[in-house]
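One structure is given below, encoded as structure tokens.
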Amino acid sequence: MNIKVCVGSSCHLKGSYDVIQALKDLLKKYDVEDVVELQASFCLGHCAKGVNVLTDGIAPEKAEKTATTLADGTLLLHNVTKDNAEEVFVKEIYPLIEL
Ligand code: FES
């Protein structure tokens, strides 16, 4: 599975570097470093809702306000910060990881 954190200028200003660090730590904490690749991404097109994080896991149901289910079924998570990263990871990302 891939996780892409937007490092476009708007998301960068909102702390995407801190989000990447937080997700790196969480991948280690939840022992999924081997099955999840963390990458940086150019602008994901939802700048007002940054920091945005794109997963390539297929969302089982329509996303809530904190995310958008894209046309291909993947999940674009919005407003991710270093402070809510673990909550977002546990609730939205971890269930999509195929172990
Ligand atoms: S800069 Fe992140 S979505 Fe545009």
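In this chain, residues are counted from 1 in sequence order. One-based numbering, in listed order, for ligands and for the atoms of each.
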Q) Quick one: which ligand 1 atoms are inside 4.0 Å of a heavy atom on Ser10? A) 1 (S)
Q) Any side-chain heavy atom of Leu77 within less than 4.5 Å of one from Ile93? A) yes
Q.
Looking at Asp31, I want to see if its CG is surrounded by more than 12 non-hydrogen atoms of other residues, nucleotides or ligands under 6.0 Å.
A. no
**Q.** Cys47 atom SG and Cys43 atom SG as seen from atom 4 (Fe) of ligand 1, angle to 10 degrees
**A.** 90°
Q | Contact summary for Gln39 and Asn2, nearest pair of heavy atoms | A | NE2-OD1, 3.9 Å
**Q.** Heavy-atom neighbours of Lys14 NZ exceed 12 at 6.0 Å
**A.** yes
Q: Can you sort out which atoms of ligand 1 are near Asn52, meaning under 4.0 Å from one of its heavy atoms?
A: 3 (S)
Q. Counting backbone and side chain alike, does Cys11 bring an N/O/S atom below 2.8 Å of atom 4 (Fe) of ligand 1?
A. no
**Q.** Atoms in ligand 1 flagged as close to Gly45, the criterion being non-hydrogen separation under 4.0 Å
**A.** 3 (S)
Q) Shared ILVMFWY cluster between Val88 and Val19, side chains joined below 4.5 angstrom? A) yes
**Q.** ligand 1 atoms in contact with Cys6 (distance to a heavy atom under 4.0 Å)
**A.** 1 (S), 2 (Fe), 3 (S)
(Q) Would Gly50 count as a contact residue for ligand 1, given that I'm defining contact as a non-hydrogen atom of the residue lying under 4.0 Å from a ligand atom? (A) no
Q. With a 4.5 Å limit on heavy-atom distance, are the side chains of Ile3 and Val53 in contact?
A. yes
Q | Heavy-atom side-chain contact between Glu86 and Tyr30 under 4.5 Å | A | yes
(Q) I'd like to know: is atom 4 (Fe) of ligand 1 within the 2.8 Å range of an N/O/S atom from His46, strictly under that distance? (A) no
Q.
Under 2.8 Å from atom 2 (Fe) of ligand 1 - does any N, O or S atom of His12 fall there?
A. no
